[in-house]
Amino acid sequence: MATLSPLHTQAAALWRPRRQWHGSLERTSCQLKHAGRLQARYRGLEPLYDDGYQTVKNLDYYYESLGELVEHDSGPPRWFCPVDAGSPIEDAPLMLYLPGVDGMGMGLFMHHKALGRIFELRCMHVPLHDRTPFEDLVTMVEDIVRKEHATSPNKPIYLLGNSFGGCLALAVASRNPHIDLILVLVNPATSYEKSGIQQLLSFFSLFSDQACMAITALLNYNIDNEVNMAVSSMINGKHPLAALNRLTNNMSSFLKHSNILDKIPEDTLKWKMKLIKRAASYANYRLQSVQAEVLLLVSCGDKLLPSKAEADRLQKLLPKCKVYFFDKHGHSLLLEYGVHVASIIKCTDLYRHSRRYHRVFDYIPPSATELNEVDKATRDLRFRTCPAMYSTLEDGTVVRGLAGVPQDGPVLLVGNHMLLGIELISLAAEFLRLKGIVVRGIAHTLLFPNKKRAWSEGHDFFDFLNLWGGVPMMYKYIYELLRAGEFVLLYPGGHREALHCKGEEHRLFWPSQAEFVRLAAQFNATIVPFGVVGEDDLLQLLCTFEDIRSAPFGKEMMQAYSNHLKLREDVDHEVFFPGLYLKMPGRFYYQFGKPIPTKGRQDVLTDKQAANDLYMHVKSEVERIISYLLEKRTEDKYRSLIPRMLYQAARGPTCEVPAFDP
């Protein structure tokens with residue numbers, strides 16, 4: 001007998017006892033009292049953790065394992081826990097993977113580690129020889145769901161359904177509307193009756209089952225994705241020959257393992273087509289009963305099913321449905337390069353541990369892959385601005401880097417906005433790279449839209465806020481973050497600074513209230529004032545407020561825009577986007593001032609004057625830092641883009657470009 005692969009070993013041997021499957025039990029009331037402090041370590045998951053996406057195995061591994069399962073597998077449908085998923089974090093919710101019509105349960109192998117870190121992951125396995133009816137498969141999933149719900153009634157249960165598995169997930173959700181289910185459906189097969197695959201297979205019915213399956217597999221193969229993967233690898237620094245080797249290996253894997261088809265039982269195709277037809281009919285008939293939250297992952301290049309049109313239909317019928325489109329991907333989305341299911345779940349605010357999503361306590365820090373994705377999306381901005389970071393030690397010495405910023409929280413970073421908050425991404429990314437710290441930004445509520453539809457061409461700014469732990473501007477969130485020992489990023493000037501006009505660059509527009517210093521003192525937080533300059537070297541603003549007001553209907557437009565933003569009551573006039581054009585890029589400069597401890601400052605909590613004095617001290621420090629940076633940047637011979645390009649051309653694109661001596 002041939003040696004079994006790791007995946008086959010998982011499927012055959014790892015039927016873990018029920019008590020081992022279930023993670024930590026519901027927290028006791030005593031633990032909940034101290035939950036805030038526990039959250040600072042994100043349930044044991046460190047920032048920039050390894051989610052496995054950067055070291056995922058190629059398709060050769062998948063086809064080898066699939067071939068061995070087809071040849072040696074038998075028995076009834078069952079569940080397995082992937083070994084390479086590892087151990088989940090504390091109190092992780094359950095995720096059940098429901099496979100496509102092949103039933104093998106291995107179509108998730110590229111995502112085992114990423115999902116296994118934040119979920120208790122179990123995969124359904126239905127041997128090819130098995131002929132269990134669809135209704136019995138529904139009951140099998142339903143039994144697990146109901147038992148888990150009885151054990152942890154306040155925790156959600158995730159059903160990740162791929163194609164046929166999407167019908168299975170919808171069927172279970174329709175029969176259990178009282179259970180808190182979250183469905184992640186990948187190209188669900190509810191559109192099977194509208195697909196052309198039935199007619200195609202009928203035409204080829206004169207041939208063998210193996211021939212029909214080969215035609216289906218060819219339609220399923222997405223060569224565009226393989227080419228994109230190779231090109232992206234070269235862009236990210238991989239040697240062209242290594243990228244080409246992986247491309248040819250993946251393409252040849254499909255052909256090399258085509259002998260799998262010879263091992264499949266003769267009547268398999270007819271049974272699978274009958275099964276998927278029944279599944280689609282069953283699920284469609286009960287869609288109106290589905291009350292669960294649904295996330296659709298849809299391939300616009302699906303050649304087997306009309307998945308894009310089906311997504312539009314399902315979103316109209318399902319009350320809590322979000323859609324994430326993948327423009328250049330095929331039906332086997334989970335086996336294609338560049339699809340990060342764990343990241344998408346986090347970006348869409350669907351990852352939670354209880355019945356309601358909480359932006360503080362349900363937050364999971366960004367992985368190394370997610371930092372790389374944001375770097376790719378903002379590569380042009382980083383190239384143009386080449387941010388230089390400085391910090392201040394306790395003795396007042398200014399140094400390059402972030403050594404002067406405390407390593408332990410709670411810390412409240414307080415500073416100035418540049419136009420549109422363009423300094424935010426570089427600031428958060430540098431804290432992750434240099435200190436391994438997530439900075440939790442406080443932002444306007446309009447920056448947290450409930451997006452119903454999104455596209456896969458990189459993360460947008462709203463995704464960035466979610467991945468980096470941003471929260472809406474509410475004092476309860478600042479309270480909870482400081483209580484949890486987090487690093488909190490606060491811009492007192494808010495949108496008034498972020499939407500300033502010509503002539504207002506590097507000015508502060510802070511409110512008169514001193515609430516943030518009282519919150520800091522309440523939790524003995526360290527306040528770190530900071531300043532950032534450089535927008536005037538990148539952008540040229542076109543209009544002053546007077547220019548806009550004097551324009552036809554200018555005052556009315558400003559008032560309508562300000563009302564839409566729901567401005568602070570203390571803002572003394574309207575705001576409006578002033579218009580701009582890009583200049584030859586200069587450079588962004590950040591300096592973090594000397595830390596200001598609030599431990600022992602009880603007077604700040606009880607004495608209004610003491611609180612105001614501390615507030616004005618922080619504000620004056622920010623103004624001083626801005627003036628310092630504006631003066632010192634004139635000494636930087638690499639302030640302009642061309643000298644920086646020449647420096648990096650000689651030393652490599654990833655080298656640190658010198659700046660002024662502090």
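Predicted model, so just to flag it, every value in this text is computed and none were measured. Scope of the values below: all heavy atoms of this structure, side chains included, with no hydrogens, waters or symmetry mates.
- Here the closest non-hydrogen pair linking Pro153 and Arg355 is O-NH2, 3.4 Å.
- In this structure, Ile118 and Pro93 approach most closely via the heavy-atom pair O-CD, 3.6 Å.
- Within the 3.5 Å criterion, the main-chain N or O of Ala454 finds no donor-acceptor partner in the side chain of Lys322.
- Tested against Leu185, the residues Leu295, Leu170, Leu297, Thr190 include a single side-chain contact (heavy atoms from CB on, under 4.5 Å) partner, Leu170.
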key: Stepwise side-chain hydrogen bond (donor to acceptor under 3.5 Å, both in side chains) test for Ser163 and His331   = CA-CA 8 Å; Ser163 189; His331 185 71; 3.0 Å; yes
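- Remark: Lys476 does not engage Glu480 in a salt bridge, criterion side-chain N to carboxylate O under 4.0 Å.
- Counted by atom type alone, His353 and Asp91 present zero donor-acceptor pairs between their side chains at under 3.5 Å.
- Centroid-to-centroid, the aromatic rings of Phe464 and Phe462 stay 6.0 Å apart or farther.
- Between Leu424 and Leu465, some side-chain heavy-atom pair lies under the 4.5 Å cut-off.
- At least one test fails for Arg359 against the ring of Tyr363: distance under 6.0 Å to the centre or angle within 45° of the axis.
- Looking only at atom types and distance, the side chain of Gln291 has no donor-acceptor partner in the side chain of His178 under 3.5 Å away.
- The side-chain tip of Lys113 does not point at the ring of Tyr53 from less than 6.0 angstrom away and within 45° of straight on.
- Looking at Ser299 and Asn187, their side chains do bring a donor and an acceptor atom within 3.5 Å of each other.
- Residue pairs meeting the ring pair (Phe, Tyr, Trp, His ring centres under 6.0 Å) criterion with at least one member in residues 151-172, sequence neighbours excluded: Phe119-Tyr158, Phe134-Phe164.
- Counted within 6.0 Å of CZ on Arg356, heavy atoms from surrounding residues, nucleotides or ligands total 12 or fewer; the atom is thus considered open.
- Across all non-hydrogen atoms, the minimal contact from Leu381 to Ile422 is CD2-O, 4.1 Å.
- At a threshold of 4.0 Å, the pair Glu135-Arg175 does not count as salt-bridged, since none of the basic side-chain nitrogens sits closer than that to a carboxylate oxygen.
- Residues Lys155 and Leu94 fail the side-chain proximity criterion, which asks for heavy atoms closer than 4.5 Å.
- In terms of heavy-atom proximity, Thr445 sits nearest to Met474 at CG2-CE, 4.4 Å.
- Relative orientation of the His329 and Phe326 rings is perpendicular, given thresholds of 30° and 60° on the angle between their planes.
- At a threshold of 4.0 Å, the pair Lys451-Asp349 does not count as salt-bridged, since none of the basic side-chain nitrogens sits closer than that to a carboxylate oxygen.
- Nearest approach of Gly409 to Phe487, heavy atoms of both residues: N-CE1, 3.7 Å.
- When each of His444, His417, Glu423 is checked for a side-chain hydrogen bond (donor to acceptor under 3.5 Å, both in side chains) with Tyr491, only Glu423 meets the rule.
- A salt bridge does not link Asp102 to Lys272: none of the charged side-chain nitrogens sits closer than 4.0 Å to a carboxylate oxygen.
- Atom CG of Leu98 sits about 5.0 Å away from atom CG of Leu168, to the nearest 0.5 Å.
- The shortest non-hydrogen separation linking Gly107 to Leu335 is O-CD2, 3.7 Å.
- Ion pair Glu148/Arg122 flagged as a salt bridge, since at least one NZ, NE, NH1 or NH2 atom sits closer than 4.0 Å to an Asp/Glu carboxylate oxygen.
- Ion pairing between a basic and an acidic side chain is recognised when a charged N comes within 4.0 Å of a carboxylate O; Glu370 and Lys346 show such pairing.
- Checked for salt-bridge contact, Arg352 and Glu293 meet the test: a charged N lies under 4.0 Å from a carboxylate O.
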